[in-house]
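Residue numbering restarts at 1 for every chain, and letters A, B, ... go by the order of the sequence lines. In this text, all values refer to a predicted model and were calculated from it rather than measured experimentally.
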Amino acid sequence: MAPSALQPCAPGTFPTRSFFEQPPEFVAPRLLGKLLARNFKGRWLVGRIVEAEAYLGPHSRTPDAAAHSHRGPTPRNAVLFGPAGHSYVYSIYGRYFCMNISCEPAGRAGCVLLRALEPLAGIALMASNRGLDPKTAKPCQLTSGPSRLCQALALTRAAQNAIDLLSPRSQLQILEDGFCVTECLATPRIGISPSNPAFDWPLRFVLPGNPFVSGPRKHSGARHRIR
DNA sequence: CAGCCGATAAGCT
DNA sequence: GCTTATCGGCTGA
């Protein structure tokens, strides 16, 4: 992808709305390899999704106590109960943000948390948004981690919550560019407390071996090949 | 260099 | 009081 200035539009084509109307555990692994594009001050910042987690809605047969929606709608999580394919950005621990994509048809909740991107375009701007020196920052420091990618793309709840990711007029879009994913790995989700019944559910999906996947180099816990 | 610890401090219970 | 996180500082190999 050419890191040129002032592209008129983001690269690729939109997935369908019905793709996101599926359950999050269906959407999350199939989101790997797709692009997240953010129009920031006239420039497109683009990264490929290499890690994502599914969070199940309250209608699920087995309640997902790690999901914001699991006790039903609140002002904060309202977008999760709206139409599919919209951004859900929330603040965590009072200082960072995480970005999710709403799944399931309107009336039901469920979402996919974006945990890591491989930066493709606008890399110097991403570094600067992260407060790093664009000349010395390593690509792995930019978008490997759910709050890091929000910083790199300048995503906040105030400005980027509830955006339709499937509209060509949106400043934040999900796109596909023909990138072929041949396999992905499922693992337990990161950061779920051991007392949570959903602690070890294999709902985290990564491109195996991709250097931009977040987390420590050593991973404990079983991994499963799912396709 | 890897791993652990504390600070941070919104939103919901 | 808990949580879908990150960073800097410390500590031990």
Side-chain angles (χ1 to χ4, degrees), chain A residues 20 23-25 27-29 31-32 36 47 49-58 60 62-81 86-104 109-117 119 126-133 136-162 165 185-206 211-221:
Chain A
F20 288 101
E25 67 272 31
V27 175
L31 214 42
L32 299 180
L36 178 66
I49 299 168
V50 300
E51 176 181 355
E53 288 178 353
Y55 287 84
L56 312 185
S60 308
T62 46
D64 181 1
H68 281 184
S69 65
H70 88 282
R71 288 181 196 274
T74 68
R76 177 174 65 154
N77 68 22
V79 63
L80 295 180
F81 292 85
H86 286 63
S87 60
Y88 170 57
V89 180
Y90 68 91
S91 70
I92 186 167
Y93 302 129
R95 35 165 47 181
Y96 297 107
F97 294 96
C98 291
M99 178 191 162
N100 301 251
I101 302 174
S102 64
C103 299
E104 306 271 8
C111 64
V112 174
L113 170 70
L114 301 186
R115 286 198 55 92
L117 308 175
M126 291 185 193
S128 149
N129 285 341
R130 290 266 296 120
L132 302 171
D133 179 355
T136 59
K138 296 174 182 175
C140 278
Q141 298 176 282
L142 301 181
T143 52
S144 295
S147 297
R148 286 178 166 188
L149 74 85
C150 285
Q151 260 182 10
L153 302 189
L155 307 180
T156 65
R157 172 167 174 81
Q160 278 80 35
N161 189 44
L165 303 171
L185 250 42
T187 80
R189 294 173 293 185
I190 302 286
I192 311 294
S193 96
S195 62
N196 193 316
F199 173 60
D200 57 359
W201 295 1
L203 293 177
R204 172 177 177 255
F205 302 93
V206 305
F212 296 93
V213 167
S214 75
R217 293 231 163 225
K218 285 184 179 179
H219 282 274
S220 56

Closest to the side chain of A/R148, out of C/dT6, B/dT13, C/dA5, is C/dT6
ask   = Roughly how far apart, to the nearest Å, are B/dC12 and C/dT6 at atom C1'?
value = 22 Å
A/L132 atom CG is separated from C/dG8 atom P, nearest whole Å, by 9 Å
Winner on side-chain proximity to A/Y93, out of B/dC12, C/dT6, C/dT3, is C/dT3
note: A/Q141, atom CD; C/dA5, atom C1'; distance rounded to Å ~ 16 Å
**Study point:** Separation between the C1' atoms of C/dC7 and B/dG11, rounded to whole Å
**Key:** 23 Å
Checklist entry - Is A/I92 touching bases, backbone alone, or none of the nucleic acid, heavy atoms closer than 4.0 Å? => result sugar-phosphate
When rounded to whole Å, the CZ to P distance for the pair A/F97 and B/dA9 reads 12 Å
Side chain to side chain contact (heavy atoms under 4.5 Å, CB included), that's the test. Do A/I192 and A/W201 meet it? Break it down for me. CA-CA 10 Å; A/I192 311 294; A/W201 295 1; over 6 Å; no
Closest of B/dA10, B/dC12, C/dA5 to the A/P75 side chain is B/dC12
Per nearest nucleotide of DNA chain C, the residue lying toward the 5' end, A/L149 or A/S195, is A/S195
Do A/Y90 and A/R76 touch side chain to side chain, with heavy atoms closer than 4.5 Å?
-> yes
Taken to the nearest whole Å, CG/A/L155 to P/C/dT6 is 13 Å
Between OH of A/Y96 and P of C/dG8 the distance, given in whole Å, is 8 Å
- Task: Identify whether any heavy atom of A/R157 sits under 4.0 Å from a base atom; if not, whether one sits that close to sugar-phosphate; answer base, sugar-phosphate or nothing.
- Result: nothing
Assign each of A/N100 and A/R130 the nucleotide of DNA chain C bearing its closest heavy atom; nearer the 5' end lies the nucleotide of A/N100
Next on the checklist: Using a 4.0 Å heavy-atom cut-off, does A/R76 contact any base of the nucleic acid, only the sugar-phosphate backbone, or nothing at all?
Outcome noted: sugar-phosphate
- Would you say a side-chain N or O of A/R95 is under 4.0 Å from OP1 or OP2 of C/dC7? no
Here the distance between atom P of B/dA10 and atom CG of A/N161, to the nearest Å, is 17 Å
From CG of A/N196 across to P of B/dT13 the rounded distance in Å is 15 Å
Side chain to side chain contact (heavy atoms under 4.5 Å, CB included) with A/M99: of A/S147, A/C111, A/C150, only one passes, and it is A/C150
Pairing partner of C/dT11, by Watson-Crick or G-U wobble and under 3.5 Å for both distances, is B/dA2
Quiz item: Any side-chain donor-acceptor pair under 3.5 Å between A/S214 and A/R115?
Solution: yes
To the nearest angstrom, the OH-P distance between A/Y90 and C/dA5 comes to 6 Å
Could you check if a side-chain atom of A/R189 sits within less than 4.5 angstrom of a side-chain atom of A/N196, using non-hydrogen atoms only? no
